[in-house]
Amino acid sequence: MNNTNIWQDPTALDAILRNMSDALKTVCITKQIEQPLMVGIHTGGIWIAQRLQHLLEISEPLGALDISFYRDDFTRIGLHPLVRPSHLPIAIDDRNIILVDDVLYTGRTIRAALNALFDYGRPALVLLAVLAVRNGRELPIAPDITGLQIELSPDQYLKLEGPEPLSLVLDNAS
Amino acid sequence: MLDTHNLQLDQNGRLRHFLTIEGLNKALLTEILDTADSFAAVAERKVKKVPLCHGKIVVNLFFETSTRTRTTFELAAKRLSADVLNFNASTSATAKGETLLDTLRNLEAMHCDMFIVRHKDSGAAHFFARHAAPNVSILNAGDGRHAHPTQAMLDMLTIRRHKQDFSKLCVAIIGDLLHSRVARSQILALNTLGVEEIRTIAPRTLLPTQIESLGVKVYYNLQQGIKDVDVIIVLRLQKERMAYGLLPSEHEYFRLFGLTEDRLSQAKPDAIIMHPGPLNRGVELSSQVADSNRSVILQQVSNGIAVRMAIIAMALGNTKATS
């Protein structure tokens with residue numbers, strides 16, 4: 001397996017995160033969103049959400065979602081061995097949510113995360129912010145905020161390593 | 001002891017059936033506890049249900065009466081979105097003479113995915129697991145005097161939530177160890193998780209011979225036995241299984257082995273008190289102790305749902321699909 005590291009330069013990732021934060025500010029102004037709640041998807045999504053939370057100066061605590069109980073591949077591969085508790089410290093009813101993940105690929109994780117989120121309550125609105133958006137969608141899901149866009153072949157797998165420092169790593173299966 | 005360890009795991013070492021603690025390693029028991037912790041959070045949400053086992057059918061196959069275990073298994077399966085069938089042996093074909101194997105085959109023909117078995121005979125769940133189809137999973141909800149592994153795991157979760165590190169703990173188990181499948185599973189789980197010391201405290205007539213071989217210290221005196229312990233597990237006096245002559249009277253049992261506030265002062269100040277239920281107040285322990293703030297008996301019941309969700313989900317996830 002080849003292991004090519006890309007965007008391991010922390011300053012490059014910092015610049016991408018600052019751009020995402022600026023774009024989120026603009027979207028919030030346009031859509032008249034005040035006091036959004038930030039929710040990260042385990043594990044990489046939480047790392048990104050923490051940084052965006054800091055840049056956007058959101059004071060309310062960050063929510064953490066584990067989507068293992070909502071995955072659509074349970075009957076094929078069983079329960080994931082490492083399930084972490086989900087924790088949403090603040091009621092999400094009628095709130096504006098910024099859902100954050102590290103990589104958007106098939107869209108199945110986001111489908112699961114939305115289902116999980118709605119079992120906690122009925123948010124007013126959900127925005128999706130993703131650090132790296134790649135091709136290969138299998139569901140009608142699109143991000144509102146994109147850090148960077150990347151075209152990869154189906155045998156390539158992109159993941160975020162962290163939490164300190166953060167780096168995007170490309171695994172090449174071929 | 002039954003040779004069940006291979007039967008319980010698939011070729012990748014993952015849980016297929018859950019029949020006994022024996023043969024399961026510390027990593028797997030810890031995985032069950034960690035998963036249970038995640039499921040416990042589901043109970044605090046608006047929707048107390050996850051879609052994980054949607055479309056699966058779980059059968060409660062109880063040949064022996066139970067309220068707590070059966071209802072918590074039912075609630076656990078329902079919180080996983082499985083459909084639940086309750087099969088009561090006293091009103092079923094078993095009462096008309098059907099064999100265990102025929103009962104199993106009939107329920108398999110109804111495309112059920114999991115059987116949760118309680119039976120008065122040791123080895124009943126093991127028997128089912130040996131004969132079950134590859135797409136069917138068996139959980140032991142108590143077999144004779146042999147094992148009650150989900151009760152042991154909910155007790156481990158309760159202990160971990162209060163004491164975190166197992167390696168420094170001294171745990172005392174008081175009472176009817178002779179008839180207790182719960183105690184046997186607890187001792188195995190506590191040893192696997194690596195507690196420092198396990199003590200058993202009981203009159204000689206209620207202790208199995210050679211219980212020391214399980215790695216416990218034996219005490220015949222309650223005051224000595226609970227000195228400086230961190231966890232006290234009080235067992236129920238199993239009157240229904242008890243042969244005549246093992247005890248002079250319940251009153252005398254309470255006088256010598258009943259847990260009272262006074263005797264509790266021997267234990268560590270932060271010791272917790274557990275009991276698998278149902279309680280015999282004034283026999284195994286005083287009402288004052290049962291209702292005190294050191295008693296975690298009702299937390300055990302709540303933890304039972306989370307642990308059973310974890311075990312059902314882990315085992316159902318590892319069965320082979322029929323199609």
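Throughout, protein chains are lettered first and strands after them, A, B, ... in sequence-line order, and every chain is numbered starting at 1.
Residue Leu82(A): no heavy atom, backbone or side chain, is found under 4.5 Å from chain B. Both the backbone and the side chain of Ala313(B) have a heavy atom closer than 4.5 Å to some heavy atom of chain A. Contact of Lys56(B) with chain A is made through the side chain alone, with heavy-atom distances under 4.5 Å.
In this structure, His54(B) NE2 and Thr75(A) OG1 are separated by 11.0 Å, a value rounded to the nearest 0.5 Å. In this structure, the separation between NE2 on His87(A) and OG on Ser38(B) is 13.0 Å, given to the nearest 0.5 Å. Taking CZ of Phe69(A) as the start and CZ of Arg79(B) as the end, the distance is 12.5 Å to the nearest 0.5 Å.
Other residues, nucleotides and ligands contribute at most 12 non-hydrogen atoms within 6.0 Å of the CD atom of Glu34(A). The local environment of NE2 in His54(A) is sparse, with at most 12 non-hydrogen atoms from other residues, nucleotides or ligands closer than 6.0 Å. Residue Lys26(B) qualifies as open at atom NZ: its count of foreign heavy atoms under 6.0 Å is 12 or below. Taking a 6.0 Å sphere around CZ of Arg130(B), one finds it holds more than 12 heavy atoms contributed by other residues, nucleotides or ligands. For Lys31(A), the NZ atom counts as loosely surrounded, since its 6.0 Å shell holds 12 or fewer non-hydrogen atoms of other residues, nucleotides or ligands. Counted within 6.0 Å of CG on Leu298(B), heavy atoms from surrounding residues, nucleotides or ligands total 12 or fewer; the atom is thus considered open.
Remark: Asp93(A) engages Lys46(B) in a salt bridge, criterion side-chain N to carboxylate O under 4.0 Å.
Contact annotation: the side chain of Leu52(B) approaches that of Leu79(A) to within less than 4.5 Å [non-hydrogen atoms, C-beta and beyond]. At least one side-chain heavy atom of Phe74(A) sits under 4.5 Å from a side-chain heavy atom of Cys53(B). Side chains of Phe39(B) and Pro85(A) form no contact here, defined as non-hydrogen atoms less than 4.5 Å apart.
Between Arg14(B) and Ile77(A), the shortest heavy-atom contact is NH2-O, 3.1 Å. Of all the heavy atoms in Ser86(A) and Ala41(B), the pair that sits closest is O-CB, 4.1 Å.
With sequence neighbours left out, the side chain to side chain contact (heavy atoms under 4.5 Å, CB included) criterion links Arg71(A) to Ile67(A), Asp73(A), His80(A).
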